[in-house]
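Okay, structure first, notes after.
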Amino acid sequence: MRAFVAVHIDSQTLDKVSAVIRQLQDQLSDIRWIRQSNIHLTLKFLGEVDELRIEPIGRALEEAVGPFSRFTISAKGLGVFPGLKRPQVLWVGLEGSSLISLASAVEVALKPFGFASERRSFKPHLSIGRWRQFRDSSGSLTRELEQWKNYQFGKSAVNEVVLFESVLRPEGAVYRPLRTIALAS
């Protein structure tokens, strides 16, 4: 099964993200927009995982992240990966004092299972759209990023980390929680 480790985002914040997506749909073309129900903060994408490994992975995650205290993150601004010349992903930025430490703890917990560490540094974000092929001769992307760079989408409480299964379907991926790990209160 395909799996990943993520954090849920507050529904009010997601409502604001979706409202901005509706506005951007008229301004930006050739983007496959991500449904509101599928927007989350990915801490680690695992890829294909044998079903027999899910339970030990869940236990390792619980040991690693369970002691973390709950905290709050802020969603602010828009950006793109890897850059403006050939963007592939449109994202909402995330800020929170414990995010980097939480992602690092997930990395360390999963290393014994053979999951390679990320080569890039962790950049907390919510992917909201993906380009199949980027074409923007009018400069509309640059203008939109500038317009939304300081927009506050809202805050989200990080109370738990979730190990998800990603089931690919023709109409899009469906995410099913396999294990939920509560953070310390």
Side-chain angles (χ1 to χ4, degrees), residues 1-14 17-18 32-75 79-82 88-130 153-185:
M1 66 177 58
R2 285 170 48 95
F4 63 94
V5 181
V7 169
H8 286 292
I9 301 300
D10 180 79
S11 62
Q12 291 176 328
T13 298
L14 290 177
V17 170
S18 291
R32 182 176 46 91
W33 297 99
I34 297 177
R35 294 186 313 240
Q36 180 172 334
S37 61
N38 283 3
I39 296 174
H40 57 270
L41 164 59
T42 302
L43 295 173
K44 176 82 174 161
F45 180 74
L46 306 181
E48 293 295 327
V49 178
D50 186 313
E51 199 169 332
L52 295 174
R53 296 178 67 192
I54 294 300
E55 187 58 35
I57 287 171
R59 283 193 305 269
L61 287 170
E62 188 152 351
E63 286 178 26
V65 303
F68 271 79
S69 295
R70 296 172 180 187
F71 61 98
T72 301
I73 57 177
S74 299
V80 294
F81 289 137
Q88 295 173 343
V89 175
L90 178 64
W91 50 258
V92 170
L94 295 173
E95 300 169 344
S97 60
S98 297
L99 275 177
I100 304 298
S101 299
L102 185 65
S104 178
V106 169
E107 283 279 350
V108 169
L110 297 177
K111 198 167 184 93
F113 294 93
F115 297 106
S117 295
E118 291 293 328
R119 291 189 297 261
R120 299 172 297 214
S121 60
F122 180 68
K123 170 90 170 139
H125 69 281
L126 305 174
S127 296
I128 62 170
R130 297 182 189 284
F153 291 91
K155 296 184 182 298
S156 290
V158 178
N159 299 324
E160 60 189 25
V161 170
V162 183
L163 174 61
F164 281 100
E165 175 184 15
S166 175
V167 180
L168 299 179
R169 299 214 167 120
E171 63 276 5
V174 175
Y175 303 145
R176 185 174 70 92
L178 299 170
R179 178 92 176 244
T180 301
I181 300 111
L183 302 185
S185 48

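Quick note: numbers below take in every heavy atom, side chains included, and nothing from hydrogens, waters or symmetry partners. Model, not experiment: these values are computed from the prediction.
The two residues A105 and V65 come nearest to each other via the heavy atoms CB-CG1, 4.4 Å. A pairwise comparison of heavy atoms in L41 and L126 identifies N-CD2, 3.7 Å as the closest pair. Nearest approach of I73 to F71, heavy atoms of both residues: CG2-CE1, 3.6 Å. Between D50 and L52, the closest heavy-atom pair is OD1-N, 2.8 Å.
Looking at L178, T42, L110 one by one, the single match for side-chain contact (heavy atoms from CB on, under 4.5 Å) with V5 turns out to be L110.
Note that CG of L43 is 5.0 Å distant from CZ of F122, once rounded to the nearest 0.5 Å. Here the straight-line distance linking atom OG of S11 with atom CD of Q36 works out to 8.0 Å at 0.5 Å rounding. Remark: E95 CD to S97 OG distance equals 11.0 Å, nearest 0.5 Å. With values rounded to the nearest 0.5 angstrom, L14 atom CG is found 10.5 Å from H8 atom NE2.
In this structure, E171 places its CD atom where more than 12 heavy-atom neighbours from other residues, nucleotides or ligands lie under 6.0 Å away.
The closest donor-acceptor contact from the side chain of N38 to the backbone of A173 lies under 3.5 Å. Without hydrogens or angle criteria, S104 side chain to I100 main chain gives no donor-acceptor distance under 3.5 Å. Judged by distance alone, with hydrogens and angles left aside, the side-chain atoms of R2 form no donor-acceptor pair with the main-chain N or O of E165 at under 3.5 Å. No donor-acceptor distance shorter than 3.5 angstrom exists from the side chain of S156 to the backbone of I9, with no hydrogens or angles considered.
At least one side-chain heavy atom of V161 sits less than 4.5 Å from a side-chain heavy atom of L183. Within the 4.5 Å cutoff, side-chain heavy atoms of F81 are placed close to those of K123. Side-chain contact between V158 and S98 is absent, with no heavy-atom pair separated by less than 4.5 Å.
R59 and E55 are joined by a salt bridge, as a carboxylate oxygen and a charged side-chain nitrogen come within less than 4.0 angstrom of each other. Between K44 and E107 there is a salt bridge, with a side-chain nitrogen of the basic residue lying less than 4.0 Å from a carboxylate oxygen of the acidic one. Look at E160 and R70 and you find no salt bridge, because none of the NZ, NE, NH1 or NH2 atoms lies under 4.0 Å from a carboxylate O.
Under 3.5 Å, the side chains of K155 and T72 contain no donor-acceptor pair of N or O atoms. Using a 3.5 Å distance cut-off with no hydrogens or angles, the side chains of S117 and K111 do pair a donor with an acceptor.
Checked against the 6.0 Å centroid threshold, F4 and F164 count as a close aromatic pair.
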